[in-house]
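Heads up, the thing below is written out as structure tokens.
In what follows, chains carry the letters A, B, and so on, assigned in the order in which the sequence lines appear, proteins first and then strands, with residues in each chain numbered from 1.
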2 protein chains.
Amino acid sequence: MVSNSDSSGALAQRLSDSGLRSTPQREVIYSVLLKKRDHPTAEDVFARAKPEMPMISLATVYNCLETLVQCNLVRAVNFERGPTRYCPNLRPHAHFHDEQTGATHDIDLPAGVLDQVKSVLPVNFDAASVEIIFRGKARTET
Amino acid sequence: MVSNSDSSGALAQRLSDSGLRSTPQREVIYSVLLKKRDHPTAEDVFARAKPEMPMISLATVYNCLETLVQCNLVRAVNFERGPTRYCPNLRPHAHFHDEQTGATHDIDLPAGVLDQVKSVLPVNFDAASVEIIFRGKARTET
DNA sequence: AGCATATTTAGAATGATTCTAATTCCTTGT
DNA sequence: ACAAGGAATTAGAATCATTCTAAATATGCT
Ligand SMILES: [Mn+2]
Ligand SMILES: [Mn+2]
Ligand SMILES: [Zn+2]
Ligand SMILES: [Zn+2]
């Protein structure tokens with residue numbers, strides 16, 4: 001299973017780069033995120049990990065997700081005050097939140113758009129990151 | 001006090017447009033937001049309203065803020081999972097969250113920038129709103 | 001005035017997340 | 001192989017912003 005070893009390898013690498021250990025829990029959590037990229041909540045991830053690892057705890061899911069975010073393998077995404085959602089898409093992208101369905105869509109950002117957006121900042125503002133969130137209605141084709 | 005009557009009038013107008021009543025509590029909350037535009041939390045607003053209206057309750061502060069947001073007189077702003085902040089700036093603007101100080105700054109958006117950003121959306125995505133959040137360090141002059 | 005409805009209020013409940021403290025798991029050195 | 005020390009996991013308690021509930025007030029209207 002090439003893609004699995006690849007992601008496992010990448011994960012193990014990133015973890016050890018940060019002085020952290022590769023654990024079965026962290027690998028399962030990460031694989032769950034890669035398998036279905038629909039921006040699940042921690043509870044969603046917990047439910048999806050359970051069948052593969054019945055003894056995993058919700059606290060561990062929170063711990064692992066936080067670890068993956070710190071390693072820059074996963075982005076945490078928030079809409080209003082809803083539960084945090086997790087996204088393994090590392091390309092620069094915005095999020096579109098469908099108010100009808102609650103679904104979250106990735107919107108890839110062409111190079112240059114982020115720079116354009118950052119150009120609105122006065123010189124004394126030094127932005128480490130920019131986040132763009134759309135809200136509206138998405139027409140998914142049949 | 002021209003600006004006070006103006007904002008009171010605007011508030012009363014917007015409220016009755018929505019079939020809602022102008023109340024002393026709603027006026028105090030709105031005036032608190034206009035007086036110091038530093039994106040206070042509900043608790044902050046509560047603390048600032050108390051001296052002017054000692055019997056006001058926190059539940060009412062939440063209720064009034066929600067009402068003002070529904071009337072489009074105030075924007076609710078969220079950073080990560082922190083408490084919601086409230087902003088009476090109605091011009092199109094982004095938010096810059098200073099990670100050192102925790103301060104929130106309004107960044108006015110020139111006409112056209114929002115359109116540019118919306119242009120990255122595929123045709124089947126219909127955005128009702130766009131939110132832009134910067135995170136970083138702000139150099140406020142002495 | 002009398003009634004219906006809107007609003008306010010105090011306090012309880014909620015829910016996502018974090019914390020605590022105990023256990024288990026690894027890694028490393030002997 | 002063994003032991004020690006630190007890292008990670010776990011269950012359950014605690015936190016905290018917000019929402020809900022139910023009762024008391026205020027307001028607008030006939
Ligand atoms: Mn958000
Ligand atoms: Mn946010
Ligand atoms: Zn995403
Ligand atoms: Zn603002």
So which protein N/O to nucleotides 16-18 of chain D N/O distances come out below 3.5 Å?
from	atom 1	to	atom 2	distance (Å)
dT18(D)	OP1	Thr84(B)	N	2.7
dT18(D)	OP1	Thr84(B)	OG1	2.9
dT18(D)	OP2	Tyr62(B)	OH	2.6

Which whole-number value in Å describes the distance from [X] [atom1] to [N] [atom2]?
X	N	atom1	atom2	result
Met53(A)	dA8(D)	CE	P	15 Å
Asn63(B)	dA22(D)	CG	C1'	14 Å
Ile56(B)	dA26(D)	CD1	P	14 Å
Leu11(A)	dA8(D)	CG	P	12 Å

So, is Ser57(A) near the phosphate of dT9(D), with a side-chain N or O under 4.0 Å from OP1 or OP2?
->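 So the side chain of Ser57(A) is outside the cut-off, no N or O lying under 4.0 Å from OP1 or OP2 of dT9(D).
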Run the side chain to side chain contact (heavy atoms under 4.5 Å, CB included) test against [X] and tell me which residues pass, sequence neighbours left out.
X	result
Ser119(A)	none
Lys137(A)	Gln100(A), Arg139(A)
Ala12(A)	Ser22(A)

Within residues 20-28 of chain A, find the residues that approach DNA chain D with a heavy atom at under 4.0 Å, and present them sorted by residue number.
->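 Per residue number, the list reads Leu20(A), Arg21(A), Thr23(A), Gln25(A), Arg26(A).
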Could you list where the contact with chain A starts and ends along DNA chain C, reading 5' to 3', using a 4.0 Å heavy-atom cut-off?
->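 Contact span on the strand: dA16(C) to dT27(C).
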Taking side chain to side chain donor-acceptor pair (under 3.5 Å) as the test, write out the residues that go with [X], two or more places apart.
X	result
Arg75(A)	His93(A)
Thr84(B)	Asn78(B)
Ser129(B)	none

Which salt bridge (Lys or Arg N to Asp or Glu O under 4.0 Å) pairs, counting each pair once, include a residue from residues 102-119 of chain B, with sequence neighbours left out?
->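 Applying salt bridge (Lys or Arg N to Asp or Glu O under 4.0 Å) to every pair that reaches into residues 102-119 of chain B, excluding sequence neighbours, yields Arg91(B)-Asp108(B).
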Listed by chain and number, what are the ring pair (Phe, Tyr, Trp, His ring centres under 6.0 Å) partners of Phe134(A), not counting sequence neighbours?
->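 Phe134(A) satisfies ring pair (Phe, Tyr, Trp, His ring centres under 6.0 Å) with no other residue.
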Could you note down all residue pairs passing side-chain hydrogen bond (donor to acceptor under 3.5 Å, both in side chains) where residues 51-64 of chain B supplies at least one of them, sequence neighbours left out?
->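 Qualifying pairs, neighbours excluded: Lys35(B)-Glu52(B), Ser57(B)-Thr60(B).
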Might you point out which heavy atoms bring Ala138(A) and Asp98(A) nearest each other, and give the distance in Å?
->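 The pair with the smallest heavy-atom distance is N-OD2, 3.1 Å.
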In one Ile/Leu/Val/Met/Phe/Trp/Tyr side-chain cluster, 4.5 Å: Phe125(B), Phe79(A) |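 Unlinked, Phe125(B) and Phe79(A) end up in two clusters.
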